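Worksheet: one structure, shown below.
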Amino acid sequence: MKKKLLTAILISIIISMGVVSAQNKSFSASLETTDGVLKSKIEESLVSLVSAFNRAGETGSDMLDLTGANVSEETEKSLAMLWKNIHFCCPVNSFKEILSSTVDNNYQVRNIPIKLLPEPGVDAGDRYREAVVDFDCNGRILSFYFGLDNNLYRNIVMDNSVEDLRFRQTILDYVEHFRMAYEQKDLDFLEQVFSEDVLIITGKVIRTRKSDSIFLDQEDVSIKYNTYGKSDYLRRLKEIFNTAKYIKVKFTDVKVSRHPTKKGFYGVLVKQGYDSGYYSDEGYVFMLWDFTDENKPQIHVRTWQPYWIDDTKSVKLPEDRIINLVDFEI
Amino acid sequence: MRKALTAIFSLFFSVTLFAIGPQEELEAFVSRYLAMLESLPALEDKKARMLEDQIKISGSPDCMHYADKKEFRFSGNGRGEFLCSRTGKGDFCISFPLDYSLISGKSKIELEKELPAALLSFSGYDIPLDSEKYIKEFRNVYKCGGNKYYSEEVLNVSYAVRTENQLTPLIDIRYPRESVMTLLTEPEAGKGFDLEIMFVRYGYKNEVINLPLNSFLSYMITSGCIPYVGIEKIGPTEISASLFLVNERLGYNHVLKVTIFSESLKNKNGIVKSRMNAFIPTWNLSDLYSK
């Protein structure tokens, strides 16, 4: 009996401690912005709003007391209606977020953590949400609503991966135009797409019989590289275009890589099949694309290396010898 | 007279006046390719052509005519297969690269040139909002889709609001991200908006057209493209987004950089500006994010 009484006293002490701590819980907000005056106004408004939620949530009141909170009349009405349907509180004591501008020249704070409080007979479901609050330049609350997908806005601010994906896909379009320019024998387009300082490198397999071998078919294989400037390469190409009846170029195994530091620079490596009737070959073509002018991307480097380095087409160029983005300093 | 008739005939066949589905296009390609092979007299020529086009055929092409099952499937490495079968009579299978120039029989230059006219003359119906595809997200907000494309931020998703037992697309200035996603994926949402497209064509050439946004999206979806949207920037007066129209079956993408003005979003009508790279080949892509 004595033991049961002690347990009951202990439990009631623990419960009362919990209530006291919940009632004393205060909320603070820190917003990232360069405007100090605006920061303090909006932080103050946000703290008073969230504190009103927490107070009403803890007491289970059906009335949301927004006395002293800097809330527009319309928002006060909509919050009162919202509170009739659901109760909630902010489960964190301190909150840090970026203060962003909105499309209608106001300000916005997103990702405010909100916990929906359980109601009898209502499915618990997903109890955590993130709220969004809009403010005017005086820190007055213009609207309060729940975000639909958490954290996505933060991702947009932090990372421009969408633009990068668009660039990578658009480059594939220009790579295809570049391929077609050879089939069209379109020197004018190639003149436009190659930058003035373009570096053209073409490789040629050189075979020499091994001096220490008695077998005639044992050879040392090396690749000799020739470099050309824009005008030299286009002059050579013009001769080829004039003599070839047709040119067929096929690109497969296309790989796109982004320069790690230089924004807008992308490397594209393709396996190229070339056929002009009297001559055909297979090789790797690497292109360094400069995408800084989206309307007119240019090629700064174009290289060609043979795919096979033997006559019987059984030995491929080793992967570590394929020219790629890392081989060039920009 | 004969010249005039020829001109009308060639115009009719050079411009696709309506969007056709990918299945119909694939069937048309198979029929056309088999007829072309049939016209080659020597077996060696047929083999050489198939080798050049990277085409493989098994079974009897006659099966095409009496098949009770026609099916397309992806076979990996940018290739697809078209299978025709009839119980008890065997199968026919043609395997081909998903190269849209090969499938359509037109070069990319021709395809780029024809697309503006095809869009402007689109006479198909506008796709209405399918409320059965929307699932309740929160309160009166409903969500459709959610598949991503390469990035967590590029999604095929649209939102709608239930008012008086009816779902209407979510276009609300307070939800710029969700509104833009909806505007560019749900044709119904585009009613009232005009799309200005600047086409990027071969040789750094451009062409600008204007058409209703819902008509544009309906055309693209009918052609087998799945729209995926990523938000690039939310600014004070405009929102920049990327729209990827992905046609997996026919091996190409259209990519648009889109600008939506906040004023248009607020008024639920106005001009949406875009720059479009069309028929970007994807069949030969091995790694878009190569290290």
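In what follows, every chain begins at residue 1, and chains take the letters A, B, ... in the order their sequences are listed. These values consider heavy atoms only, across backbone and side chains, with no hydrogens, waters or symmetry-generated copies. Everything numeric in this text was worked out from a predicted model, so none of it was measured.
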What part of B/A278 lies closer than 4.5 angstrom to a heavy atom of chain A: side chain, backbone, both or neither?
backbone

CD1 on B/I109 to CG on A/D186, rounded to 0.5 Å:
7.5 Å

Can you tell which part of A/E183 gets under 4.5 Å to a heavy atom of chain B, answering side chain, backbone, both or neither?
neither

More than 12 foreign heavy atoms under 6.0 Å from CG of B/N267: is that the case here?
yes

Hey, does the side chain of A/Y145 reach the backbone of B/R174 with a donor-acceptor pair shorter than 3.5 angstrom?
yes

Does the side chain of B/Y175 come within less than 4.5 Å of A/V132's, by heavy atoms?
no

In terms of heavy-atom proximity below 4.5 Å to chain B, should A/K248 be classed as side chain, backbone, both, or neither?
side chain

Taking atom NZ of B/K273 as the centre, does the number of heavy atoms from other residues, nucleotides or ligands within less than 6.0 Å exceed 12?
no

Do A/R166 and B/V154 touch side chain to side chain, with heavy atoms closer than 4.5 Å?
no

Counting only heavy atoms closer than 4.5 Å, note whether B/N253 contacts chain A via side chain, backbone, both or neither.
side chain

Does B/Y289 form a side chain to side chain contact (heavy atoms under 4.5 Å, CB included) with A/R168? I'd like the steps, not just the answer.
CA-CA 8 Å; B/Y289 287 89; A/R168 284 173 194 260; 3.3 Å; yes

Which atoms of B/Y149 approach chain A - backbone, side chain, both or neither, heavy atom under 4.5 Å:
both

Rounded to the nearest 0.5 Å, how far does OG1 of A/T252 lie from CG of B/D99?
11.0 Å

Portion of A/Y174 that has a non-hydrogen atom of chain B nearer than 4.5 angstrom:
side chain

Counting heavy atoms not belonging to B/E248, are there more than 12 under 6.0 Å from its CD?
no

Do B/Y204 and A/V193 have side-chain heavy atoms sitting under 4.5 Å apart?
yes

Is B/L256 close to chain A through its backbone or its side chain, or both, or neither, when contacts mean heavy atoms under 4.5 Å?
backbone

So, do B/Y150 and A/Q169 sit near enough that their side-chain heavy atoms are less than 4.5 Å apart?
yes

Ignoring hydrogens and angles, tell me if any N or O in the side chain of B/K108 forms a donor-acceptor pair with the backbone of A/D173 under 3.5 Å.
no

Can you find a heavy atom in the side chain of A/L165 that is under 4.5 Å from one in the side chain of B/E153?
no

For a 4.5 angstrom cut-off between non-hydrogen side-chain atoms, does B/L288 reach A/L172?
yes

Rounding to 0.5 Å, atoms NZ (B/K205) and CZ (A/F189) come to a distance of 9.5 Å

Counting heavy atoms not belonging to A/K250, are there more than 12 under 6.0 Å from its NZ?
yes

Contact class of B/R139 relative to chain A, heavy atoms under 4.5 angstrom
side chain

Testing the basics here: between A/F251 and B/N284, what is the closest heavy-atom pair and its distance to 0.1 Å?
O-ND2, 2.9 Å

Most heavy-atom pairs under 4.5 angstrom with chain B, which of A/E294, A/R258, A/K271?
A/E294

Need one label for A/E176: side chain, backbone, both or neither, based on atoms under 4.5 Å from any heavy atom in chain B.
side chain

Tightest non-hydrogen contact, residues A/S257 and B/S290, listed as CB-O, 3.1 Å

More than 12 heavy atoms of other residues, nucleotides or ligands under 6.0 Å from CD of A/E74: is that the case?
no

Yes or no on side chain to side chain contact (heavy atoms under 4.5 Å, CB included) for B/E52 and A/D275, after CA distance, side-chain angles and deciding distance?
CA-CA 11 Å; B/E52 192 189 316; A/D275 176 22; over 6 Å; no

Is the closest side-chain heavy-atom distance between A/H177 and B/E112 below 4.5 Å?
yes

Do you know the tightest heavy-atom contact between A/V162 and B/I231?
CG2-O, 3.7 Å

